[in-house]
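Taking it in order: structure first as C-alpha cells, then the write-up.
Whatever order the structure lists ligands and atoms in, that order sets their numbers, starting from 1.
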Amino acid sequence: MAKNSGSVCVVKHWQDAPKMDESTLVDDLTRHFYYTLGRDKVGESQLYLYHALALTIRDRLVARCRATNQYLADKKTRKAAYISLEFLMGRALSNAVLNLDLEDKVRDALKEYCCELETVAQAEHDAGLGNGGLGRLAACFLDSCASLALPVIGYGIRYEYGMFNQKIEQGHQVEQPDNWLREGHPWELAAPEKAKRIKFSGHVVSHIDRSGREHREWIDTQDVLAVPYDVPIPGYKNEVVNTLRLWKSEATDEFDLNEFNAGSYSEAVAKKNLAEQITMVLYPNDTSENGKELRLRQQYFLSSASLQDIVDNWVERYGPSFNDFADYHVFQLNDTHPSIAVAELMRILVDDYELEWQEAWQITTSTMAYTNHTLLPEALEKWPVSLFARLLPRLLEIIYEINARFLTEVALKWPGDIGKQRALSLIEEGEQPQVRMAYLAIVGSYSVNGVAALHTELLKSGLFSDFYQLWPEKFNNKTNGVTPRRWLSHCNPQLASLISSKIGDAWKADFAKISDIRRYFDNKAFQQKWQQVKLENKQRLADLVSKECGVEFDVTMLFDVQVKRIHEYKRQLLNILHVIHLYDRICRGDTENLVPRCVLFGGKAAPGYYMAKKIIKLINNVASVINQDRAAHPFLRVAFLPNYNVSAMEVICAATDLSEQISTAGKEASGTGNMKFMMNGAVTIGTLDGANIEIRECVGADNFFLFGVTAEQAQQIRQDYKPMEIIDGCIELKRVMQLLESGHFNLFEPGIFDDIVNAIKCPSDPWLVAQDFPSYVKCQENASQAYEDKEHWLRMSILNTAASGKFSSDRTIQDYCDDIWRLSPMQLITAN
Ligand SMILES: *Cc1c(COP(=O)(O)O)cnc(C)c1O
C-alpha cells in the first residue's frame, strides 16, 4: 500500500500492482462500474461496461507503465523517440487484453454481466489520429517496440477531431467530423504539470556578451502551451508498457494579460481559441500536402514540445551538459512532417543552452533519423520562406545557417557547379522562395531510409540521387511490416488457433516461425479446416456489407477486395474498369467459365481531391447498376463499404480471397494493407510495386498474380504514351469505354464521368490505366480459374500465410534497432 513518509508520497510499489486473477478483475470491474462511473444498470450500448473494463485494464497497464518508467529512470539507457504527426491506433481494449494475456479471465469476468468481450469491445470508438498507411505503421511500430522490450516513446498530437467519418449519399462521399473524445477516452492520463511552452511569431534580436559571443533572442512571441496526454502501449506478454505521449495545445495563463487590463475581457477569452485551434483537427490529406499555415503550426508544435520534453528530462537528471547526449538519444522522424525538429534541436542547444554551433550540429546530426514515405513529388513538403519568417523567424535564421554551411560542402564536392548548389539548396528559389523540408531532414540526419527495397532504390537513383552521391552511408532500407498480434491473432482468432493447434503459439512473439505451417499446405484435413475458417470470416464480412451497404455477398463466391485511401496512383479506377468488363461479359451472355465474384471497395478520399471523389461516385454508380441487374446477380456483386478504418480492416482482411494491390509501378512506397491480407491467407493480384515485390519473392511467383509494367518500363512508356491506340487495340477495353461514354452508369447525371473518361484517354495520364488494363484482365481471368480449383486455391492461401514471416513489424523494428537505433532491450522483472 502507498505509505506517507513525511509530506512525500512514496510511489506505489510494483509488488502492489493490481492482481491479475479473475476474482480481482471482477471486483475491479464492479467497483469502476458502480463507483468510478456511478452506474447501476448495463445499458443497451454497453458503453459504460466498456468504460469500466477499460479502467480495470488500465489499472494493470498503469502499474506496468510505472515500472517501465522506473527502470528507465534507474538506468542510464539509450532511448528512441518516434515522432509522428499521425498514429492510427484503432481500438485499444482487445489489444491490451491480448497483450496482457488476460483474455480468458476477462471473458469469465464478463459472464457476470452476461456479456461477450467482442460486443463490449465494439463500444470503443476507433482512435483515428491518422490518414492511412503512414499512421497505421506508427501504431504497429509502437506495438512491436513494446513487444521487443525496446525503450521507445511515441510522440504525436492529440487531435480533438481525428480522421473524418465518411458517409455515402447518392454515391458521393460526405465528410462528417469525428468527435472521437465525446464519450471520453479512458486510456489517456493527462500530465498538465509537464506542459511545455511553444513560441510562435515575434521577432529576433541580437546581443553580444562580454566575451564577444553573439546571442540571438526570439522575443515578443505568442506562446502556446503543449499539455501531454499519455497513452499506455503494452508489449506482448512481457510486462513492458511503453508510452505514447500526445500533445494538446492550450492557451497560456497570461496570454491575454494586456487585454484583461484594457478591459476587453471577452475578446481576451475568445483568443484562447487561437491557441486551442492548433490541435483541433487532423489534416485529412494522405500523400499530399495542402500548405496551410495551421499545418506548419502543428508540425512545429509537435517537434518543439517533444524535443523540449526530452532535453528537459536530460537536464533534470544530468545537468546542462550535452557531451554524451547523442549516445543516449535518437529521434526517428516519420516522414518530413516533423522535420522542423532538425532546426528546433539546434535552436534549443544553441539559444537555450548556449552550445557552439559545431557542437550542436554534431549532436543533431548524430541523433536525427529520417524515414521517407513517398516518391510522389506533390507530397514533398515545401513552406514559403515568407510564412516561415512570420511564424518561426528564429527557425528560419537557423535553416539559413544550416544551408550556408551545407552549400559550402556541396561546392567542395562539385566545384564551380552553381546548378548543383541551386538544385540541392534547402531554399528553392523562384517568385515565392520555399523551404524544402525533405532536404532539411536529409541534411540534418545520420540515417535516411525508404520503406521497401524498390522504394529505397528509387530514392537513391531518382529523387535524392545527389544526396546519395554526397552521403551514400546515410541511405538504407527498412521494409515495412504490420503487427501479427492485431493483424492475425486479434482479427482472425479462428485462424490463429488453427495455426497454434499445429505449430504451437510461439509464432505470436516470433513471427518467423509462422513458416512452420508450410508443412501442412498439402494436408487435406488441414485445408478443410482452413477453408471452414475462411468461410466463417467471409460470413462475418458479408453481414457487415449487408448492414452497411444493403448488398448481399455470397460466401461461396470469390471475395475480391480493394480497401485503401482513394488515390489515382492506387488505381481503384483500373479495378472498376475490370468490374465493368465482367458486367459487359454478362450482358453479352459470355458467362461460360465466368467465376462468380463479390467485389468490395473501401477508402476515403481527401475532401479536396476532385478526381478521387469522382472515382468513389463511379464505383457507387457501377455497383448500383450491377446489383440491380438480375442477370448479373449469380455472377457479380459490387459494394463500396463506407468509412473504411482500422476496425473495418480487422473484419475485411480476415475474409478476403483476392487482395488488390494494383498501383502504378514506382508509385506505392511500400503498402502495408498488402501484408495484412497476406498474413490472413489472401492471395495478391498486384504490380511490381512497393513491398509487393518482396511479398512475391517470399511466397513464390506461382502463388502471386502478377501483371502490368515495371517501374522502369512505366518511365519509358510515359515518354510516348498513346492510350487511344491501346483502347482501339483491346476490344474489352473499347467496350468498357463505350459503356462509360454512353452514360450507362449515369443516365440521369449527364457528363459526370467525362473527366474520368478523358483522364484514361489522356497521353499524359501518369497512372497508365489503359496501359495495364489488358494484362490486368488476363491476370484476373487466371485468378478466377485458380479459384475454381478449390484445393489449388487453398494451397496458395496457406502458403501465403506461411510466407508472411518477413512482414511482421517485429522484424522491421529489429532492423531499425540493429542498423539505426542501437538500443538494448529492457530487462524488467515480473511481478504477480
Ligand atoms: C493498413 C491500413 C492502411 C494502409 O493500406 P495500404 O493498402 O497499404 O494503402 C490504410 N488504412 C487503414 C485503416 C489500414 O488499416
Side-chain angles (χ1 to χ4, degrees), residues 86-91 95 125-143 162-166 178 180 282 284-288 334-335 373-376 379 451-452 454-455 479-488 490-492 544 561-572 574-575 600-606 612 641-656 658-664 667-680 682 684-687 689-695 804 807-809 812:
E86 303 189 12
F87 286 91
L88 192 52
M89 302 298 285
R91 291 179 177 138
N95 184 250
H125 201 305
D126 267 40
L129 307 184
N131 275 283
L134 174 149
R136 184 54 229 176
L137 184 78
C140 283
F141 278 8
L142 293 184
D143 181 79
M163 191 60 210
F164 64 81
N165 285 317
Q166 179 195 54
D178 165 45
W180 73 293
L282 166 76
N285 307 69
D286 184 63
T287 66
S288 84
N334 195 22
D335 214 348
H373 281 273
T374 172
L375 295 153
L376 301 184
V451 289
L454 173 71
H455 172 230
T479 297
N480 284 165
V482 302
T483 169
R485 270 77 60 187
R486 183 175 296 263
W487 297 113
L488 184 49
H490 159 68
C491 75
N492 201 343
L544 181 69
V561 177
Q562 186 175 23
V563 289
K564 49 182 73 241
R565 287 302 291 255
I566 311 293
H567 201 295
E568 285 162 287
Y569 86 81
K570 291 177 183 280
R571 295 200 297 193
Q572 283 89 359
L574 180 59
N575 189 345
L600 183 67
F601 291 85
K604 293 171 185 174
L641 183 72
N643 205 40
Y644 173 57
N645 61 10
V646 170
S647 290
M649 184 53 158
E650 290 169 7
V651 180
I652 293 165
C653 69
T656 296
L658 187 63
S659 155
E660 299 270 353
Q661 307 300 335
I662 60 177
S663 52
T664 311
K667 295 297 173 185
E668 184 75 90
S670 164
T672 50
N674 47 5
M675 302 168 184
K676 301 165 198 166
F677 285 115
M678 182 195 198
M679 273 184 192
N680 287 277
T684 304
I685 180 165
T687 48
D689 202 15
N692 293 353
I693 297 175
E694 292 157 77
I695 286 177
S804 67
F807 305 102
S808 164
S809 47
T812 311

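Judged as a side chain to side chain contact (heavy atoms under 4.5 Å, CB included), and not counting sequence neighbours, the contacts of Thr812 are Phe141, Tyr816. With sequence neighbours excluded, the residues satisfying salt bridge (Lys or Arg N to Asp or Glu O under 4.0 Å) with Glu650 are Arg486. Listed by chain and number, the residues in a ring-ring contact (aromatic ring centres under 6.0 Å, His included) with Phe164 amount to none (sequence neighbours excluded).
Gln562 contributes a side-chain N or O that, together with a main-chain N or O of Lys570, makes up a donor-acceptor pair within less than 3.5 Å.
The closest side-chain heavy-atom distance from Cys491 to Met649 is not below 4.5 Å.
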Tabulation required: pairs of a nitrogen or oxygen in ligand 1 and a protein nitrogen or oxygen under 3.5 Å; columns are atom names and distance to 0.1 Å; otherwise 'none'.
from     : atom 1 : to     : atom 2 : distance (Å)
ligand 1 : 7 (O)  : Lys564 : NZ     : 2.8
ligand 1 : 8 (O)  : Thr672 : N      : 2.8
ligand 1 : 8 (O)  : Gly673 : N      : 3.0
ligand 1 : 9 (O)  : Lys570 : NZ     : 2.8
ligand 1 : 15 (O) : Lys676 : NZ     : 2.6

**Item:** From CA spacing to verdict: side chain to side chain contact (heavy atoms under 4.5 Å, CB included), Thr664, Arg571
**Value:** CA-CA 7 Å; Thr664 311; Arg571 295 200 297 193; 3.3 Å; yes

